[in-house]
Amino acid sequence: MDLTTIVIASVLGSLAVLVTMGISIFFCCFYWRKRPNKKTGPDEMEPLKVGKAPSQSNQETPRKNVKDLARHNVEDRRQQSAKRLITPLAGPMVTQAVLLTETCEKEGTSSNSAGAMSFLQALLPTAEQQEAAADLAREMSEPDEAAGQIQFSLEFDIYSSVLTLKILQAKGLPAKDVTGTSDPYVRICLLPDRKHKLETKVKHRTLSPRWNETFYFEGYPLAKLQKSILYLHVFDYDRFSRDDPIGEVYLPLSQVDFTKKPCLWKCIRAAEDMKLGEILITLLYIPRTSELSITLVKCRNLKAKDITGYSDPYVKIWLHRGDKRVEKKKTQVHRKTLDPIFNETFQFVISWERIRETSLVVTVMDFDTVGRNEAIGQVILSSRSGPTETKHWGDMLSKPRSPISQWHRLKNF
């Protein structure tokens with residue numbers, strides 16, 4: 001074989017290798033482009049990608065987008081409900097504590113009362129977390145004593161990301177003027193944005209105003225809108241003094257089905273009457289050990305009982321079984337304050353069979369060095385108390401091992 005033949009064979013072999021590699025690379029690229037993208041799950045919070053509004057002749061596209069809006073509403077409400085099942089107060093701390101409890105019970109370990117109290121303290125969130133969660137729960141719940149009702153409608157344009165709110169009317173408003181009427185108007189914002197506020201016109205000398213005013217909120221895609229809360233604050237206008245608050249309404253927009261263009265009547269939560277003050281209480285019940293823990297976090301705006309304009313408050317707790325007093329606990333005295341911070345936890349042993357007939361009578365007292373101690377106000381926690389007290393007790397029983405915090409207004413007794 002001569003040299004020419006060898007060179008030609010080498011060149012042809014090299015070309016064959018290059019052609020084979022090119023074909024392989026081409027098929028690999030083709031396969032990679034045609035390969036479907038794999039996702040572990042749908043991105044439910046991703047906003048809908050909607051183009052321009054269709055023409056009048058094309059009816060299929062709007063129907064499809066309305067279906068997509070309904071699907072996102074339903075999926076987001078399910079996601080919100082699932083998140084609400086996990087108590088935001090406790091977090092991973094409660095989960096770890098519950099696992100620790102079950103482990104100790106399986107191993108048959110026992111601890112003294114001090115160890116039990118420290119364990120319960122580990123279950124509870126900080127005072128700031130308890131207060132924030134209690135305020136949020138209170139704002140979202142239906143009011144005990146409504147200050148009338150307000151009617152409004154909502155409409156959402158998915159193409160332009162514009163929320164249309166129409167304030168229609170109100171009825172049953174309380175009288176704030178000496179004439180027996182009010183001059184109501186409504187202040188509006190979408191929380192958590194408190195900077196941008198809108199207001200209706202003032203309707204003079206009426207308790208059943210009719211506004212029929214429309215407001216627009218632009219730049220709110222569906223994902224952002226469902227994280228917002230509609231806040232309506234009703235005021236009584238005063239020409240020569242500060243406007244008096246009548247009440248307020250909170251509506252989480254994640255609970256609204258915009259495909260139905262709802263028109264709603266909502267009860268107005270009355271402006272708080274702080275004559276006696278309020279107390280923040282956290283309840284925690286563990287059925288496995290029959291332990292009921294009550295934490296007296298703090299009080300605010302207590303009524304002054306001393307001539308100095310202050311009080312010396314402490315809290316007394318009586319455990320009742322039926323009409324019988326069983327056990328008493330009390331906190332330390334805080335001198336010369338109307339906003340005491342206690343952060344004291346007390347523990348009672350109550351079996352699950354008897355929890356329904358049990359009640360806790362929480363009384364805020366004013367300590368007097370000379371003379372008899374005077375009561376400031378009282379709260380009775382049980383399954384047969386007032387609406388807010390019964391709700392707090394029911395939440396404790398329906399969510400065992402989870403600390404439930406709530407503000408309560410003190411009442412006379």
Side-chain angles (χ1 to χ4, degrees), residues 131 134-154 163-217 228-253 255-256 262-279 300-303 377 386-389 391 406-412:
E131 183 176 6
D135 284 334
L136 181 61
R138 182 177 187 176
E139 291 167 355
M140 299 306 176
S141 62
E142 288 294 327
D144 300 335
E145 301 175 1
Q149 292 180 302
I150 186 170
Q151 186 186 30
F152 56 92
S153 64
L154 293 167
L163 174 67
T164 303
L165 168 68
K166 189 171 184 179
I167 303 295
L168 299 173
Q169 60 180 322
K171 63 181 180 180
L173 299 182
K176 292 292 184 177
D177 300 334
V178 294
T179 58
T181 60
S182 294
D183 303 315
Y185 70 94
V186 184
R187 185 175 296 166
I188 309 158
C189 65
L190 286 183
L191 302 178
D193 182 13
R194 292 183 179 271
K195 294 182 179 179
H196 300 89
K197 299 177 182 178
L198 304 174
E199 291 183 358
T200 67
K201 296 180 180 179
V202 178
K203 298 296 179 179
H204 294 280
R205 295 181 294 279
T206 178
L207 300 180
S208 301
R210 291 179 177 271
W211 290 287
N212 289 324
E213 295 186 39
T214 304
F215 303 89
Y216 300 93
F217 296 88
S228 303
I229 298 172
L230 177 64
Y231 176 56
L232 308 179
H233 201 171
V234 185
F235 285 90
D236 169 54
Y237 172 77
D238 287 325
R239 184 181 299 273
F240 302 106
S241 62
R242 185 179 180 182
D243 296 346
D244 297 323
I246 294 177
E248 55 194 7
V249 173
Y250 289 85
L251 177 62
L253 296 182
Q255 300 177 2
V256 178
C263 183
L264 308 171
W265 278 100
K266 285 292 183 179
C267 292
I268 302 173
R269 181 185 300 279
E272 295 296 340
D273 183 6
M274 300 298 184
K275 291 182 179 179
L276 299 179
E278 294 182 297
I279 183 170
R300 65 185 179 190
N301 302 319
L302 293 180
K303 183 178 181 180
T388 56
E389 295 86 353
K391 180 181 181 301
Q406 187 169 318
W407 280 103
H408 294 276
R409 281 187 288 177
L410 297 175
K411 301 178 182 179
N412 291 311

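- At a threshold of 4.5 Å between non-hydrogen side-chain atoms, the residues Leu163 and Ser228 do not count as touching.
- With sequence neighbours excluded, the residues satisfying ring-ring contact (aromatic ring centres under 6.0 Å, His included) with Tyr185 are Phe235.
- The main-chain N or O of His204 is never found under 3.5 Å from a side-chain atom of Thr181 such that the two would form a donor-acceptor pair.
- For the pair Gln406 and Thr388, the tightest heavy-atom approach, listed with the atom from each and the gap, is NE2-O, 3.0 Å.
- Looking at residues two or more places apart in sequence or on another chain, you find no side-chain hydrogen bond (donor to acceptor under 3.5 Å, both in side chains) involving Asp238.
- A 4.5 Å side-chain heavy-atom check between Ile268 and Leu173 finds at least one atom pair inside the cut-off.
- The CG atom of Leu276 sits 9.0 Å away from atom CG of Leu302, with the distance rounded to the nearest 0.5 Å.
- In terms of heavy atoms, Thr206 sits closest to Pro184 at O-CD, 3.6 Å.
- Atom-to-atom distance recorded for Leu264:CG and Ile150:CD1 is 11.0 Å, nearest 0.5 angstrom.
- Under the 3.5 Å distance criterion, the side-chain polar atoms of Thr200 are matched with a main-chain donor or acceptor of Val186.
- A search for side chain to side chain contact (heavy atoms under 4.5 Å, CB included) contacts involving Lys197 returns Arg187, Cys189, not counting sequence neighbours.
- Although no hydrogens or angles enter the test, the distance criterion places no donor-acceptor pair under 3.5 Å between the side chain of Asp183 and the main chain of Asp236.
- Residues Leu251 and Leu232 fail the side-chain proximity criterion, which asks for heavy atoms closer than 4.5 Å.
- Looking at residues two or more places apart in sequence or on another chain, you find a side chain to side chain contact (heavy atoms under 4.5 Å, CB included) between Thr164 and Glu155, Val162, Thr214, Tyr216.
- Across all non-hydrogen atoms, the minimal contact from Glu278 to Trp407 is CB-CE3, 3.7 Å.
- Closest heavy-atom contact between Ile246 and Pro174: CG2-CD, 3.6 Å.
- Summarising the geometry of Pro245 relative to His233, their closest heavy-atom pair is CB-NE2, 3.8 Å, with the distance given to 0.1 Å.
- Here the straight-line distance linking atom CG of Leu191 with atom OH of Tyr231 works out to 7.5 Å at 0.5 Å rounding.
- Rounded to the nearest 0.5 angstrom, Trp211 CH2 and Lys201 NZ are separated by 13.5 Å.
- Looking at residues two or more places apart in sequence or on another chain, you find a side chain to side chain contact (heavy atoms under 4.5 Å, CB included) between Gln169 and Gln151, Arg210, Trp265.
- By the salt bridge (Lys or Arg N to Asp or Glu O under 4.0 Å) test, Arg205 is found to be paired with no residue, residues two or more places apart in sequence or in another chain being considered.
- Phe152 is listed as a side-chain neighbour of Lys266, based on a closest heavy-atom distance under 4.5 Å.
- Atom CZ of Arg409 is separated from atom CD1 of Ile279 by 15.0 Å, given to the nearest 0.5 angstrom.
- When side chains are defined from C-beta on, Leu230 does not count as touching Val256, because their heavy atoms never get closer than 4.5 Å.
- Taking both residues in full, the closest heavy atoms of Gln149 and Cys267 are given as NE2-SG, 3.9 Å, listed atom of the first, atom of the second, then distance.
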